[in-house]
Amino acid sequence: FSTKATVGILINGTTIDNTVVGGPAHNSKIVSRGDVIIDVDGTPANFDNVIPLLIGNDVPGSTVQLRIAKNGSYESIMEVKLTRMATTEIQDRRRMFELFNAIKDRALTHDHS
(Lines give C-alpha, C1' and ligand atoms only; values in the text may rest on other atoms or scores of the structure.)
Protein backbone atom coordinates (compact mmCIF):
# COMPACT_ATOMS: atom_id res chain seq x y z
CA PHE A 1 0.00 0.00 0.00
CA SER A 2 1.04 3.58 -0.49
CA THR A 3 1.05 6.37 2.07
CA LYS A 4 1.67 10.12 1.88
CA ALA A 5 3.63 10.28 5.14
CA THR A 6 6.07 8.10 7.06
CA VAL A 7 8.22 8.03 10.19
CA GLY A 8 10.77 5.81 8.40
CA ILE A 9 10.42 2.61 10.41
CA LEU A 10 10.56 -0.93 8.99
CA ILE A 11 8.85 -3.33 11.38
CA ASN A 12 8.18 -7.01 11.94
CA GLY A 13 5.16 -7.24 14.21
CA THR A 14 5.90 -4.55 16.79
CA THR A 15 9.68 -5.00 16.60
CA ILE A 16 11.68 -2.43 14.66
CA ASP A 17 13.70 -4.18 11.94
CA ASN A 18 15.38 -1.00 10.76
CA THR A 19 15.05 2.73 10.29
CA VAL A 20 15.31 4.55 6.98
CA VAL A 21 18.39 6.77 6.77
CA GLY A 22 17.30 10.41 6.73
CA GLY A 23 13.87 9.58 8.13
CA PRO A 24 12.36 10.89 11.36
CA ALA A 25 13.01 7.72 13.38
CA HIS A 26 16.64 7.48 12.23
CA ASN A 27 17.24 11.18 12.83
CA SER A 28 15.81 10.94 16.36
CA LYS A 29 18.92 8.99 17.44
CA ILE A 30 16.57 7.21 19.89
CA VAL A 31 14.75 4.64 17.77
CA SER A 32 16.87 1.71 16.59
CA ARG A 33 16.78 -1.86 15.35
CA GLY A 34 15.50 -4.33 17.94
CA ASP A 35 13.35 -1.81 19.80
CA VAL A 36 9.77 -2.89 20.45
CA ILE A 37 6.89 -0.46 19.99
CA ILE A 38 4.72 -0.61 23.12
CA ASP A 39 2.20 2.05 22.19
CA VAL A 40 1.50 4.72 19.60
CA ASP A 41 -0.18 7.95 20.73
CA GLY A 42 -1.24 6.18 23.94
CA THR A 43 -2.86 3.19 22.20
CA PRO A 44 -1.27 -0.19 23.02
CA ALA A 45 0.41 -1.55 19.87
CA ASN A 46 0.01 -5.10 18.61
CA PHE A 47 0.64 -7.05 15.42
CA ASP A 48 -2.74 -6.07 13.92
CA ASN A 49 -2.86 -2.34 14.71
CA VAL A 50 0.74 -1.07 14.76
CA ILE A 51 0.93 -0.13 11.06
CA PRO A 52 -2.42 1.74 11.00
CA LEU A 53 -1.39 3.50 14.24
CA LEU A 54 1.95 4.58 12.74
CA ILE A 55 0.22 5.81 9.57
CA GLY A 56 -2.27 7.75 11.69
CA ASN A 57 -3.80 10.62 9.75
CA ASP A 58 -1.16 10.14 6.99
CA VAL A 59 -0.37 13.86 6.89
CA PRO A 60 3.26 14.99 6.49
CA GLY A 61 4.18 17.29 9.38
CA SER A 62 1.81 15.61 11.84
CA THR A 63 3.34 14.09 14.97
CA VAL A 64 3.23 10.65 16.54
CA GLN A 65 4.25 9.73 20.09
CA LEU A 66 5.89 6.32 20.50
CA ARG A 67 6.67 4.43 23.67
CA ILE A 68 9.36 1.85 22.97
CA ALA A 69 11.22 -0.85 24.86
CA LYS A 70 14.88 -0.35 23.95
CA ASN A 71 16.31 -3.57 22.49
CA GLY A 72 13.10 -5.30 23.57
CA SER A 73 13.90 -4.71 27.26
CA TYR A 74 10.89 -3.55 29.24
CA GLU A 75 13.40 -2.41 31.89
CA SER A 76 14.41 0.39 29.52
CA ILE A 77 11.34 2.18 28.20
CA MET A 78 11.63 5.46 26.31
CA GLU A 79 9.21 7.89 24.73
CA VAL A 80 9.91 9.66 21.47
CA LYS A 81 7.87 12.15 19.48
CA LEU A 82 8.37 11.90 15.72
CA THR A 83 7.11 14.18 12.96
CA ARG A 84 5.82 12.35 9.91
CA MET A 85 7.72 13.17 6.71
CA ALA A 86 6.40 13.14 3.14
CA THR A 87 7.02 9.70 1.64
CA THR A 88 8.46 11.28 -1.51
CA GLU A 89 10.94 13.30 0.58
CA ILE A 90 12.21 10.25 2.45
CA GLN A 91 12.55 8.37 -0.85
CA ASP A 92 14.66 11.25 -2.20
CA ARG A 93 16.87 11.22 0.91
CA ARG A 94 17.31 7.46 0.72
CA ARG A 95 18.27 7.67 -2.96
CA MET A 96 20.79 10.45 -2.21
CA PHE A 97 22.30 8.30 0.59
CA GLU A 98 22.62 5.36 -1.82
CA LEU A 99 24.30 7.57 -4.43
CA PHE A 100 26.80 8.96 -1.89
CA ASN A 101 27.64 5.42 -0.78
CA ALA A 102 28.16 4.33 -4.40
CA ILE A 103 30.49 7.30 -5.01
CA LYS A 104 32.41 6.54 -1.80
CA ASP A 105 32.75 2.86 -2.71
CA ARG A 106 33.95 3.76 -6.19
CA ALA A 107 36.49 6.22 -4.82
CA LEU A 108 37.82 3.60 -2.39
CA THR A 109 38.05 1.02 -5.17
CA HIS A 110 39.84 3.54 -7.39
CA ASP A 111 42.33 4.38 -4.59
CA HIS A 112 43.28 0.72 -4.24
CA SER A 113 43.82 0.09 -7.96
Side-chain angles (χ1 to χ4, degrees):
F1 56 89
S2 167
T3 60
K4 293 181 231 119
T6 182
V7 290
I9 293 176
L10 306 173
I11 60 173
N12 181 6
T14 57
T15 302
I16 297 171
D17 266 352
N18 220 332
T19 60
V20 179
V21 173
H26 180 82
N27 291 344
S28 76
K29 306 281 191 240
I30 296 171
V31 180
S32 57
R33 181 182 201 150
D35 294 348
V36 174
I37 299 171
I38 299 169
D39 65 51
V40 180
D41 289 330
T43 301
N46 60 52
F47 182 84
D48 295 324
N49 73 359
V50 69
I51 292 175
L53 288 172
L54 289 170
I55 293 170
N57 61 11
D58 200 24
V59 175
S62 62
T63 59
V64 60
Q65 183 81 26
L66 302 180
R67 200 157 60 103
I68 57 174
K70 292 300 294 170
N71 296 311
S73 168
Y74 287 81
E75 307 269 320
S76 179
I77 294 174
M78 298 190 74
E79 291 196 17
V80 59
K81 185 177 187 177
L82 303 174
T83 301
R84 292 178 180 96
M85 174 185 281
T87 304
T88 53
E89 185 179 342
I90 203 166
Q91 289 169 339
D92 291 346
R93 287 185 183 193
R94 184 174 182 174
R95 180 72 182 132
M96 193 170 11
F97 177 77
E98 290 168 352
L99 289 171
F100 281 133
N101 274 335
I103 291 167
K104 179 187 80 173
D105 291 345
R106 192 168 192 183
L108 290 173
T109 303
H110 181 72
D111 286 347
H112 295 295
S113 327

What residue pairs, at least two apart or across chains, pass side-chain hydrogen bond (donor to acceptor under 3.5 Å, both in side chains) with a residue in residues 44-65?
Asn57-Ser62, Ser62-Arg84, Gln65-Glu79
Closest heavy-atom pair and its distance - Ala25, Gly8
CB-O, 4.0 Å
Between Pro60 and Ala5 the two heavy atoms that sit nearest each other are N-CB, 3.6 Å
Remaining members of the apolar cluster that contains Tyr74, side-chain heavy atoms under 4.5 Å
Val36, Ile38, Ile77
For Pro24 and Leu82, work out which heavy atoms get closest and say how close.
O-CD2, 3.6 Å
Which residues pass the side-chain hydrogen bond (donor to acceptor under 3.5 Å, both in side chains) test with Asp39, sequence neighbours left out?
Arg67
Mind checking salt bridge (charged side-chain N to carboxylate O under 4.0 Å, His left out) for Lys81 and listing every partner two or more places apart, or none if nothing turns up?
none
Under the side chain to side chain contact (heavy atoms under 4.5 Å, CB included) test, which residues partner Lys104, sequence neighbours left out?
Asn101, Leu108
Looking at every heavy atom in both Val40 and Leu66, which two are closest together, and how far apart are they?
CG2-CD2, 3.7 Å
Apart from Phe47 itself, residues in the same hydrophobic cluster as defined by side-chain heavy atoms under 4.5 Å:
none
Would you list the atom pairs, donor with acceptor, under 3.5 Å between side chains in residues 12-21 and any protein atom, with sequence neighbours excluded?
| unit_1 | atom_1 | unit_2 | atom_2 | d |
| --- | --- | --- | --- | --- |
| Thr19 | OG1 | His26 | ND1 | 3.3 |

For Ile30, all residues meeting side chain to side chain contact (heavy atoms under 4.5 Å, CB included), sequence neighbours excluded:
Ser28, Ile68, Met78, Val80
Could you note down all residue pairs passing salt bridge (charged side-chain N to carboxylate O under 4.0 Å, His left out) where residues 24-35 supplies at least one of them, sequence neighbours left out?
Asp35-Lys70
With sequence neighbours excluded, residues passing side-chain hydrogen bond (donor to acceptor under 3.5 Å, both in side chains) with Lys4:
none
Verdict with supporting geometry, Thr6 and Ile55, side chain to side chain contact (heavy atoms under 4.5 Å, CB included):
CA-CA 7 Å; Thr6 182; Ile55 293 170; over 6 Å; no
Does any non-hydrogen side-chain atom of Val7 lie less than 4.5 Å from one of Val64?
yes
